S.K.: 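The structure that follows is given in the form of structure tokens.
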Amino acid sequence: MSSPLVERLDGFRLPAGDALLVVHGQGVDDIFVCRDHGVRGIEELLWDVLHDAGFTRIVYSSLSRPVYFRDRRSRDLTRRRRPAANRGGSNLMRAEFSGPLGRRILAGGAATDSAAAGTLLGEAPAPTLTDQHRVMLLDHLMRQAEHRTAVVFTHAEESLRYEQAGRTLAGALAEWVEHAEDRNLCVLLFRRDTLDDVEEFVRELRRVPRLETYLADQRGRSGGGATAAIGLPSAEELERLVHDVRLRAGLRVEEWNELPLVARTMAAAPERARNWRARLRLLAREKRSLDVAELRRRQWAGGSPQDDRSVTDRIEAMVGLGSVKEHLQRLRWRAAADAALCARGLGREAETGSPHLVFTGNPGTGKTTVARLVGEIYRDLGLLRRGHLVEAEVPDLVAGVVGGTAIRTHRTVDRALDGVLLIDEIYRLTEPGRGGFGSEAIDTLLTRMENDRGRFVLIAAGYPDKVEEFLSANFGLRSRIPAANVIHFPDYEPAELHAILLGRLRALGLSWTPALEELLGEVTRGLHATRDRQFGNARAMRDLADALKDAWAQRVRAVVSEPLEAEDLPERYRAHIRGPVPPVDELLAELDALVGLVPVKEMIRDLVYRLRLRRSHGGEPFPPPHLLFVGPPGTGKTTVARLLGKLLRSLGLLLRGHVVEVTRPELVAGYVGQTALKTKEAVRSAVDGVLFIDEAYSLSRGSEAGTDYGKEALDTLTREMEDLRGRLVVVAAGYPAPMETFLETNPGLRFRFAERVSFPDYSGTELVEILRRMAHDREPPYVLPDATVPKVRRWLDRQRRAHPEHFANARTVRVLLERMEARMARRIDADTPAGRPLEFVPEDVPDGDW
């Protein structure tokens, strides 16, 4: 159809070779302000369309008006004239003639015309045409080939539900689908928003089965088949409506240069033109001027009444998102150039760029806000009529029954027509357990993207790696969303989070003390440093602001002039506040209490001094280093690792400071692909704490089958150590020589482990002191007198010389203590008084080997 009367008919096509056309949508029950500035209803609009298409007889029908016309020619081609032989006054036709009333004829000129034709252009309605006769007449007209005929059911729902001749009408519709004259057309007007709603209505009737199957067949046809949707008015149509009300009712428009913006704002609201006409007439009666502020003040349009900024200004006002803003500006000017070329009749040979987009990023990074702005950008450029945003997730697309997914997906797309459809976590469509329904949803989306090209913009959103994997597996989507249309939303930086938090507090009407603002800066830095994939970014700031308000409200008890103070900060956020560095001796008291370990103590002491230096000069804390603990067994590596977690937490370098101890079996699986998952699981359990890998060199050995799953674990560990730097400390422990082999396994390991800490063998004196402390810690405590020490020294020296490969320092001391306790038990009478101290004597020390 060339030169449609109104924008809502752009793309409207009469079917070729079909006898039925199903028309639906909110526009069916609306008025239309056409390009010629005429205001028409759906019946008049359809008459123009059908007449221009070559239909010479256009017949309308409804329950209240069985048969009527909008032009005299259609009436004259339809009504039956009495045969000449009966003009003498007989009220019966000849036997060979019959009509909707049988052989009867209603006498009288006007009455005769009315009986034959229902209502003729404003004449009195027919008093005698029954439902049965109406259907018979319409069926007769649909079968005629002499005059090209269109029959329009103006209220299809009422005709199908309440028609007394329902079986006759159902049969007629079935005949028209199969055998009607192919030049004729029946138009069914449904006041249902979507084709799904029409199908559901017809299915529930259970009385028009052929129409039910006919509608289902249209789904797979290009262009939607013999169906047409008439939606809500465009900005151009509403601008003409403003002029109509201005001329007819005296509507005031002060700023004429803002009228296009006003019309676009009106078009973004899901309202019919008839509703807007009533609203504009109300403004005229109240002598109010039409502008965006007035629309928002009356809540007739989206947005804040105080925010009348342009899309460009709102983009620039967003916190952070520098790369996203640059991409949006490129998108805006590219679309503007395409629109300008088309307006000048240029660039028609080249395809315009795909409007569909991909947003990747973590939650709360502004994807939904930007999606709404994209809709407004495309609307302002004339690429979308409304530019509204419809948010959807996988459950909005996928059903658990056969056929339900297509219906659900179609319904979601229908809601987004002329706007933007944002599908969050779209990759979940391919998750296992969907039974193929996810693929059905994707196929349906692809069909609608092709059939409704230019009617909506799809934005697929989610985590970067998962979205990329999803698109790579779906060529149809990848071909429709080029790489240039992928926009990454980075996490907000700490300063940006802080600004978002303060903005939220202002929006809540709160004030705060300078001390609290400084604390909140520390909290946002801590939240950023400890974030993971689930971190909510701006949402997390909103949650924090709401928590602050709740605590403040409990404290001030409705005295709202009181500002927020530091005490209003909930306890769960206080872990992110950096306190002063405790005195070195206090921090290292527990470590200093250990026997020996001088190199270890020096390394920890240097770490504390560095941190204290940075904080005293206003610097930021450094990420705690990954460590190699190298030394023979029993030299305190595990004990120090456990103390290290608590120490780093006290220094504010780790949020939790817990220690997760693993060996090869906790990191390496026996099947391809499972080791990486197992290693990641262990690493994630240690986030914000210490992962202690004992005998780490065992990971550098391949399995007995020759498959080096240990290397896979090391490769995964190396990546995780870098990705989680500042949130994880990995301590790899083992014997000196094998640990060198361990470092050679992966080139990145040597650079990841910045500190190498040596744990030397204990001296004889240190071993004796360890034995003395172990004995004292027993219950009951034992005493190691000086007279017994020489024999203990000789026994330990002899074991170190005789079994150097098995000598385990403190572990060997523990074995000795157990032997000495057993010999004491045989020596001391069980009836010894309880208060008497238990002392080891030289005879309790074994004479032989262990």
Side-chain angles (χ1 to χ4, degrees), residues 4-11 25-27 30-40 45 230-286 288-305 307-314 332 335-336 339-340 342-343 372-389 416-420 454-457:
L5 296 171
V6 68
E7 289 79 5
R8 282 187 267 181
L9 292 188
D10 289 344
Q26 297 181 71
D30 202 6
I31 60 170
F32 300 84
V33 187
C34 299
R35 287 185 168 103
D36 61 2
H37 290 270
V39 179
R40 295 175 171 86
L45 193 69
I230 301 181
L232 296 170
S234 65
E236 294 83 0
E237 183 180 350
L238 290 174
E239 190 169 344
R240 294 193 294 269
L241 177 63
V242 170
H243 286 295
D244 182 80
V245 179
R246 177 180 62 85
L247 294 173
R248 296 175 184 272
L251 176 66
R252 293 166 50 188
V253 180
E254 301 290 347
E255 300 292 338
W256 286 103
N257 60 335
E258 292 185 3
L259 183 56
L261 175 61
V262 171
R264 289 193 297 268
T265 303
M266 293 166 62
E271 292 291 343
R272 293 177 172 86
R274 68 169 65 252
N275 295 341
W276 278 117
R277 182 171 65 177
R279 290 174 171 180
L280 295 176
R281 287 174 175 174
L282 175 63
L283 288 180
R285 289 195 300 270
E286 295 179 354
R288 302 289 301 186
S289 180
L290 174 65
D291 53 33
V292 173
E294 184 68 20
L295 294 176
R296 290 178 174 170
R297 187 181 69 82
R298 295 176 181 259
Q299 297 184 345
W300 291 348
S304 169
D307 190 355
D308 56 356
R309 296 173 298 173
S310 67
V311 174
T312 302
D313 290 341
R314 277 182 285 156
R332 179 169 180 256
C342 290
R372 189 172 288 108
L373 292 174
V374 166
E376 295 188 41
I377 290 173
Y378 283 175
R379 183 195 67 201
D380 291 349
L381 293 172
L383 302 178
L384 291 174
R385 290 183 185 172
R386 291 180 55 201
H388 64 294
L389 175 67
L417 286 177
D418 300 319
V420 174
R455 290 292 310 278
F456 78 102
V457 171

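Note that the structure is a prediction, hence the values are computed from the model and not measured.
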S.K.: My understanding is that only residues two or more places apart in sequence, or in another chain, count here; which of them pass salt bridge (charged side-chain N to carboxylate O under 4.0 Å, His left out) with Arg298?
M.R.: Glu286, Glu294
S.K.: Mind checking the CZ-CG spacing from Arg285 to Leu280? Nearest 0.5 Å is all I need.
M.R.: 11.0 Å
S.K.: For Leu384, what residues pass the side-chain contact (heavy atoms from CB on, under 4.5 Å) criterion, not counting sequence neighbours?
M.R.: Tyr378, Val420, Val457
S.K.: Return the set of residues passing side-chain contact (heavy atoms from CB on, under 4.5 Å) with Glu258 (not counting sequence neighbours), or none when no residue passes.
M.R.: Glu255
S.K.: When rounded to the nearest 0.5 angstrom, what is the spacing between CD1 in Ile31 and CG in Leu241?
M.R.: 6.0 Å
S.K.: Looking at CZ of Arg35 and CD of Glu237, how far apart are the two atoms once the value is rounded to the nearest 0.5 Å?
M.R.: 9.5 Å
S.K.: Apply side chain to side chain contact (heavy atoms under 4.5 Å, CB included) to Leu261 and Thr265, showing your working.
M.R.: CA-CA 6 Å; Leu261 175 61; Thr265 303; 4.1 Å; yes
S.K.: Any ring pair (Phe, Tyr, Trp, His ring centres under 6.0 Å) pairs touching residues 251-273, not counting sequence neighbours?
M.R.: His243-Trp256
S.K.: Apply side-chain contact (heavy atoms from CB on, under 4.5 Å) to Glu236 and list each qualifying residue two or more places apart in sequence or on a separate chain.
M.R.: Glu7, Ser234, Arg240
S.K.: With salt bridge (Lys or Arg N to Asp or Glu O under 4.0 Å) as the rule and sequence neighbours excluded, what pairs involving residues 266-278 come up?
M.R.: Glu271-Arg279
S.K.: Using side-chain hydrogen bond (donor to acceptor under 3.5 Å, both in side chains) as the criterion, list what pairs up with Arg455, not counting sequence neighbours.
M.R.: Asp418
S.K.: Could you work out, with side-chain contact (heavy atoms from CB on, under 4.5 Å) as the rule, every residue matching Arg248, not counting sequence neighbours?
M.R.: Asp244
S.K.: Please examine the side chains of Ile230 and Phe32, heavy atoms only from C-beta on, and report whether any two atoms are closer than 4.5 Å.
M.R.: yes
S.K.: Between Ala267 and Ala235, which heavy-atom pair has the shortest distance, and what is it?
M.R.: CB-N, 3.7 Å
S.K.: Distance-only, no hydrogens or angles: does the Glu239 side chain make a donor-acceptor pair with backbone N or O of Pro260 under 3.5 Å?
M.R.: no
S.K.: By salt bridge (charged side-chain N to carboxylate O under 4.0 Å, His left out), which residues pair with Arg252, not counting sequence neighbours?
M.R.: Glu254
S.K.: Considering non-hydrogen atoms only, spot the tightest contact between Pro270 and Leu232 and give its length.
M.R.: CA-CD1, 3.6 Å
S.K.: With sequence neighbours excluded, tell me which residues meet ring pair (Phe, Tyr, Trp, His ring centres under 6.0 Å) with His37.
M.R.: none
S.K.: Would you check if Val242 and Val262 make a side-chain contact, meaning some heavy-atom pair closer than 4.5 Å?
M.R.: no
S.K.: Supply the atom-to-atom distance Arg8 CZ to Leu45 CG, rounded to the nearest 0.5 angstrom.
M.R.: 8.5 Å
S.K.: I need the minimum non-hydrogen distance between Ala284 and Gly250, along with the two atoms involved.
M.R.: CB-C, 4.2 Å
S.K.: Considering all heavy atoms of both residues, which atom of Trp276 and which atom of Trp300 are nearest to each other, and what is their separation?
M.R.: CH2-O, 3.5 Å
S.K.: Residues two or more places apart in sequence or in another chain: which of them pass side-chain hydrogen bond (donor to acceptor under 3.5 Å, both in side chains) with Asn257?
M.R.: none
S.K.: Could you pull out the closest heavy-atom pair between Arg246 and Leu251, with the gap in Å?
M.R.: CG-O, 3.3 Å
S.K.: How close do Pro233 and Ala273 get, heavy atom to heavy atom, and via which atoms?
M.R.: CG-N, 3.8 Å
